Colleague: 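To start, I am sharing the structure in question, which I have written as structure tokens.
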Amino acid sequence: MSMVYDVGTYQPGMIIDGVAASRTKYYATWCSMLARCYSEKEKPKNPAYSGCTVSESWLTFSNFYDWASRQKYFLVQDYYLDKDILHKGNKIYASDTCCVVPREINNLFTRREKCRGKYPIGVSYHPQNHNLIATMAQNGKKVHIGSFTDEVEAFLAYKEAKEKYIKLLAEKYAGKIDDNVYKALCEYVVDIED
């Protein structure tokens, strides 16, 4: 057995579909997940993953592979492992908390702690106009929602726009994501603490 980040175990020589397991998306995803949670070098780069762990079962690569190989979309290009959609605020990577989603959906829930100021999510101060603005990322671009004098009002505008966009993407990917992911997206609620 080989150790990965001093917590994960991997059986060298494991073959998946005629290829060394260590050269597959399964292994790369598993290692990336372990790095986010346990690598002292990677943790400072990703403060949003502070406190995240991997379930005891998934610390063994073969167990993670057993789950991942049953996921319909795992090998689809630009689909990624996600731990936050099915259970908001989740900090544990496990078979009952994770799903596989397209990059566009995965990026919806990326927390950028370094960019956060003192205002609620989606709200920032605009010094030139001396007001608050609500913005959100959409298709990789910053979208202006509106200008406000009250931070709660700005957040509520952001919340409405973000929830609408999440539902729009749920519809866009209906039939290309698992039903439980589609349902979670349709029911997703943006909170001021997000």
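Predicted model only: the values in this text are computed from it and were never measured.
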Colleague: Is S69 reaching over with its side chain to a backbone N or O of D66, donor-acceptor style, under 3.5 angstrom?
Modeller: yes

Colleague: Answer yes or no: is there a side-chain heavy-atom contact under 4.5 Å between Y38 and V54?
Modeller: yes

Colleague: Give a yes/no verdict on a cation-pi contact between K43 and Y49, requiring under 6.0 Å between NZ or CZ and the six-membered ring centre and an angle within 45° of the axis.
Modeller: no

Colleague: Give the minimum heavy-atom separation between Y27 and A21, together with the two atoms involved.
Modeller: CB-O, 3.0 Å

Colleague: Treating K162 as the side-chain partner and L108 as the backbone partner, does any N or O pair qualify as donor plus acceptor under 3.5 Å?
Modeller: yes

Colleague: Mark yes or no for whether Y158, through its side chain, and I192, through its backbone, hold a donor-acceptor pair below 3.5 Å.
Modeller: no

Colleague: Are W30 and W58 near enough that their ring centres are under 6.0 Å apart?
Modeller: no

Colleague: Is atom CG of D17 surrounded by more than 12 heavy atoms (other residues, nucleotides or ligands) closer than 6.0 Å?
Modeller: no

Colleague: Consider ring-ring contact (aromatic ring centres under 6.0 Å, His included). Of Y80, Y79, Y26, Y65, which one does F74 pass it with?
Modeller: Y26

Colleague: Is there side-chain contact between C186 and E171, with at least one heavy-atom pair below 4.5 Å?
Modeller: yes

Colleague: Mark yes when over 12 heavy atoms from residues, nucleotides or ligands other than K91 sit less than 6.0 Å from its NZ; otherwise mark no.
Modeller: yes

Colleague: Examine F155 together with Y119 and report whether their ring centres are nearer than 6.0 Å.
Modeller: no

Colleague: Between K176 and Y73, is NZ or CZ placed under 6.0 angstrom from the six-membered ring centre and within 45° of the ring axis?
Modeller: no

Colleague: Does the side chain of I133 reach to within under 4.5 Å of the side chain of F148, using non-hydrogen atoms?
Modeller: no

Colleague: Is there a donor-acceptor pair under 3.5 Å between the side chain of T97 and the backbone N or O of I92?
Modeller: yes

Colleague: Please answer whether the main-chain N or O of A48 pairs with a side-chain N or O of N46 as donor and acceptor at a distance below 3.5 Å.
Modeller: no

Colleague: Please tell me if the side chains of P44 and K41 come closer than 4.5 Å, counting only heavy atoms from C-beta onward.
Modeller: no

Colleague: Please check if the side chain of E153 supplies one atom and the backbone of T149 the other of a donor-acceptor pair under 3.5 Å.
Modeller: no

Colleague: Under the side-chain contact (heavy atoms from CB on, under 4.5 Å) test against C99, which residue among N106, I105, D82 passes?
Modeller: D82

Colleague: Could you check whether any side-chain heavy atom of E104 comes within less than 4.5 Å of a side-chain heavy atom of N139, counting everything from C-beta outward?
Modeller: yes

Colleague: Check whether any side-chain heavy atom of S147 lies under 4.5 Å from a side-chain heavy atom of L132, and answer yes or no.
Modeller: no

Colleague: Can you tell me if D78 has over 12 outside heavy atoms packed within less than 6.0 Å of its CG?
Modeller: yes

Colleague: Tell me whether K88 contacts the main-chain N or O of V189 through its side chain, where contact means a donor paired with an acceptor under 3.5 Å.
Modeller: yes

Colleague: Donor-acceptor pair, distance only, cut-off 3.5 Å: does the side chain of D178 make one with the backbone of N180?
Modeller: no

Colleague: In this structure, are over 12 heavy atoms from other groups packed under 6.0 Å from E187 atom CD?
Modeller: yes

Colleague: Give me the atom names and distance for the closest heavy-atom approach of L81 to C98.
Modeller: CD1-CB, 3.8 Å

Colleague: Using modelled atom types and a 3.5 Å cut-off, is there a donor and acceptor pairing between side-chain atoms of T60 and backbone atoms of S62?
Modeller: no

Colleague: Checking side-chain contact (heavy atoms from CB on, under 4.5 Å) against L185, which of L86, I166, V101 comes through?
Modeller: I166

Colleague: Is any side-chain heavy atom of V4 less than 4.5 Å from a side-chain heavy atom of C31?
Modeller: yes

Colleague: Per the ring-ring contact (aromatic ring centres under 6.0 Å, His included) rule, which among F61, F64, Y5 passes with Y10?
Modeller: F61

Colleague: Would you call R36 and Y93 a side-chain contact if the rule is heavy atoms closer than 4.5 Å?
Modeller: yes

Colleague: Is the side chain of K83 donor-acceptor paired with the backbone N or O of C52 at a distance under 3.5 Å, no angle test?
Modeller: no

